[in-house]
> 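My questions all concern the structure below.
Letters A, B, ... are given to chains in the order of the sequence lines, protein chains preceding strands, and every chain is numbered from 1.
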Amino acid sequence: MAALLQHPGYEEERLQRVAEQLPCREVQAGILLSLMGQPHQYSYPSIFIYGHRASGKSHVMHVLLKELELPHATVSCVECVSVALLFEQVLLSFFGCDAASLLPRSASLSDFVRIYRQQCSQSPAKQTRYIVMEKAELLRDTDANLLPALLRLQELVEDNVTIILLSEIVWDKFRPNTGCFEPLLLHFPDYSKGELHTILSQDRHPSYSDEFYSSYINILLGVFYSVCRDLRELRHLAALNFSKFCEPLEEGKVKETDTHKLWRNIEPHLKKAMQTVYLREVSSVQWEQMQQTEEKENGALRGLSAHTHVELPYYSKFLLIAAYLASYNPARTDKRFFLKHHGKIRKTNFLKKNEKTSNHLLGPKPFPLDRLLAIFYSVVDSRVAPTASIFSQISSLVTLQLLTQVSHDDQLDAPKYKCAVSMDFICAISRTVNFEIVKYLYDFL
Amino acid sequence: RDTTWPYQCFGCFVFKPSAKKKKTLSLADHFIHGCEGAENSEKRFKLCQDLWDQIKTDTEVLQDELNRNILDSLLDFTRKCSSTRQHSDWASQMRASEIPTAALVLGVNVPDHDMTFQSLSDLLQQSVTPYVASVQAKECGALKHLIKRVLERLMGTVVTVDDEEEEEAEQTSAQHHKSVHCSLSTLCDWYNTKTKKSNTGTPGKKRSSPVRDGPQQPPVVIIFKDLEAFNPRVLQDFILICSRYIERLPLMFIFGIATSPSTIQHLLPHSVSSLLCIELFQSLSCTQHLATVIDKLILTKQFPFKLNGKVMQVLISIFLYHDFSVRKFIKGIQLALLEHFHSQPLSVLCCKKKEALLNVMQLDHLDLERIRHLLSFKRYVEKQEPREQVDLLTDDTHLKEVCQKLIKDLHKYHKNYYPILRCLHTLTSSLPRYPLGKQIRELHLICLEKNVWESEDYQSAMKLLKMLAKDELIALLQRCAEILQPAKSKKIKSALVQLEDMLTKFKQLDSNITSPLKHLQKKTDLAQLQKTLLEMNESRRAKKLSPFEVLRNEALEFIDSLVKSHLSPPESQVLNEVCYYTSSATVRRHLNATPRTSIQAALNSPFYYLQNDRLKTEDGTVSNAAPDICIAYATVVSAAEGNDPDSDNFGKVDEVKHARFIRAVSELEFLGFIKSTKQKTDHVARLTWGGC
């Protein structure tokens, strides 16, 4: 395998170490090595690597640069709340903190380039310098000139420097309207099932044999491979459930080789894990505790999404109901529902062509405050004074994200809202105030 | 937790004190200013303040007790998290290191949460870790602000964000502090130097901190007070960053959730929530909280100050219908307290019995006249002998003596009222359909309003009690006896003796009762069987009651007599005005304002606000001397919908009038009474609700 990683510029021994640390990514590492060339050679100005989460992008870059002892700066774009932070980190790892402190407050790109050039003339690169940017997709949200400039940084600073962008998104989604220097694209494909198996088998438990752990991973992948290919998650799940897998072995019921019995023991357990701990309905700590306390109180632990009940003040409930009605009923039908003597109007008379589809399928529609209040005052059973607290309840509902404000915050005159709760939720709320909401919904007429 | 009186903010003073006085005005001066019956106002202020201080400390203690369970479990959680970090077995090495997160569900009464979070962070700092930072959504609009706040609160330094708007503030403070960069690696470095220092045992400040015995790596706790209000993007990015540092920095989150835990899943995608290890903590519901507060604050003789039924009703309905806020409920009590002592000169007698008796002796003639004008006192006088009547109305010293007796009676009334109220509630709260309410506050409200025993609900409750099985009835009576146990008043004591008597009789029934049917089983003779059956039938016809039924009726009659003698409404008590605050309208006006109604009132009757009688008109129309906007408003109101309100003003008008008209119209539009329609030029529509 190590034959793939060969390059005249680097010692055989180091390449060997790299290869060992990068199982199933030898091809990509090989391509990268040949792109990078020998340390003193100029490399391609920018390389764009994309692939799904946990497909080894950062890991490969990290191992390569570290083992081959190449000068590099690794920056996570999510962490750089301002571009100045990004510049600072780069300067810091290339030229030390003195250089970084030269950056003025709110540094601009040209400040960065100026200082870089100045520093670089003092200590010119003997080897290619690498700047690795993780989560590069966030660069799209920064100043429009940053990404094009970084892609041609080599020209700008006249130094042997290469930018490596890592992203989960394809390059097509990056390309600015004005065009820019095209980086070299490199795709990291997802690990195959076999590859996942190889990688996961490597972190076996010290007190068990290779085969035993490997068979465990096999079973685990059998259950989870269809829903999750994220190496990090799979490794996490493997660690969480391994003790359960070993249980019959510990109790002396089964031998290590009796895979079928072991499978029968663990399979339902893993299926349950898929519905709970994998979705983070139950936290991993709670999951481990559950395994220890055994099935006695099985099902006692409810997942996060099982708690949906929200207690609200009486009028807030009606405001929410009114908002729901306003969001899902066409405004024309308000007369039919809320006027006492509306006469008999059948649904067919109402129907417009586009309304034949259910309003619930189309999602909530925005409504103005006036309409919300008009419906509110007609559904609430007692006389309510239009007090300040009614209005403040509306804004509370917005902060609780039960309503969303559609219009801009600045629009004080006739703000618009949407109702953001589900049918089940509103039905539960209506039941507590004895309001039959279905009777008032156009879709259920 | 502000201790200031809510007076200024309620705008009680129409006239501003002059600038000179302003500097020296204390709370007491504010109170005395414009106070009803100024002679003893200082004393009343003192009483009022003492009472409020007591109520305040009591509620704080109560709050802490109520939160104790959840806070304790949270503290345990943080301790556990910091201790499990140090494990180095295979499983914990292999599994992804997630950020321990406590999802704390607190309910929708967001204003109440501040106190909980305050005590939570205090407790954490005392016993687990000195590194606690709380953030709330409104100060964290962008990721950099969130990081900045966290860093500032943890490190106590100024943090630089490259932002123009903050430039100025930073420049001034830069001289004092060494500002640091706004990134988590700064925090990480800082944390490492801090923990290293304390491990090697630095002298000075650190020594006194109680954290020294704690784990070597105390966790860094970040509290998100209002999770729902956070921008999801900001939160996701922050969690992503934090998870990059979790190996080096023992971070921990506490999410304050107002709605339900499923909001976490709405806010965070799986890729982010998989970085967290979320455990759920559910706090007491706010209705339970209110019940405890009412139980400890209202339904007790400990506080001489009382609310009448209407005021209670207003406060409770604001709570249930509008905000669920216990804090606001207590603020309401505070307002009532203040209003009572401010507006009722006789409130000088609203204090502990001994003090009240003393204060009676110090009443001056004016105060005694006030007593004579009290409605309850007038009713009392009417019932007396003619001679006594004359004495009461003319002889001040005699009146003082009588007042002492009356005050004693009032205190006795309260002493008996609450235990009996609780008894009645115990008996009726589990009856089907709750004829007298599920919560004790409902029963209390009924009793405050009228004679409870005259209500239909009471009758039906009594009927239902008669249908109870023996065991249930005994259990309920047993609980009543427990309630009466601690009471000290003579009447209650004797009632307790009677009740216990009955209970023993009930229990004796068990041993010596033999139902006729039991006899029946022994008989085999047909003739005798017929005879007994006939006898049984006859006894039923004659409504001969079984011993249990007799005893049950006796017990219920006894309860009924207790209710009748002790649960009469406070209005029936002489001198009740001293202790009871009655102005529900004031409380409602202050706590549940209706801005639109006020504006309408101002527009309809400008003379009231402008204090100009010439604007007054008899027939309710607006005089033509009124401000333009009032006239315009009247026009809008009288114009039928769809009509153009402009029409009658148009015609031959000069330019000034026209300009004034246009101005009035735009003012109305600004106030949200009309809006211009886009269908026609110069056409406006009337608005019903207006903007917020």
> B/Ser271 versus chain A, heavy atoms under 4.5 Å apart: side chain, backbone, both or neither?
both
> Check this for me: A/Lys416, atom NZ, are more than 12 non-hydrogen atoms of other residues, nucleotides or ligands nearer than 6.0 Å?
no
> Measure A/Leu240 against the heavy atoms of chain B and call it side chain, backbone, both or neither at under 4.5 Å.
side chain
> A/Lys135 versus chain B, heavy atoms under 4.5 Å apart: side chain, backbone, both or neither?
side chain
> Contact part of A/Glu311 toward chain B, heavy-atom cut-off under 4.5 Å: side chain, backbone, both or neither?
both
> Crowded around A/Arg232 CZ? As in, over 12 foreign heavy atoms under 6.0 Å?
yes
> Other residues, nucleotides and ligands only: do more than 12 of their heavy atoms fall within 6.0 Å of NE2 on A/His62?
no
> Tell me, side chain or backbone of A/Leu138 under 4.5 Å from chain B's heavy atoms, or both, or neither?
side chain
> Which region of B/Gln282, side chain (C-beta onward) or backbone (N, CA, C, O), has a non-hydrogen atom less than 4.5 Å from a non-hydrogen atom of chain A, or is it both or neither?
side chain
> Taking side chain as everything from C-beta outward and backbone as N, CA, C, O, which of these in A/Tyr278 sits under 4.5 Å from a heavy atom of chain B? Side chain, backbone, both or neither.
both
> From B/Ser183 OG over to B/Tyr245 OH, what is the distance, rounded to the nearest 0.5 angstrom?
5.5 Å
> With only heavy atoms counted, which part of A/His309 is less than 4.5 Å from chain B, the side chain, the backbone, both or neither?
backbone
> Mind checking whether B/Thr287 and B/Leu320 have side chains closer than 4.5 Å, heavy atoms only?
yes
> Between A/Glu168 and chain B, which part of the residue has a heavy atom less than 4.5 Å away: side chain, backbone, both or neither?
neither
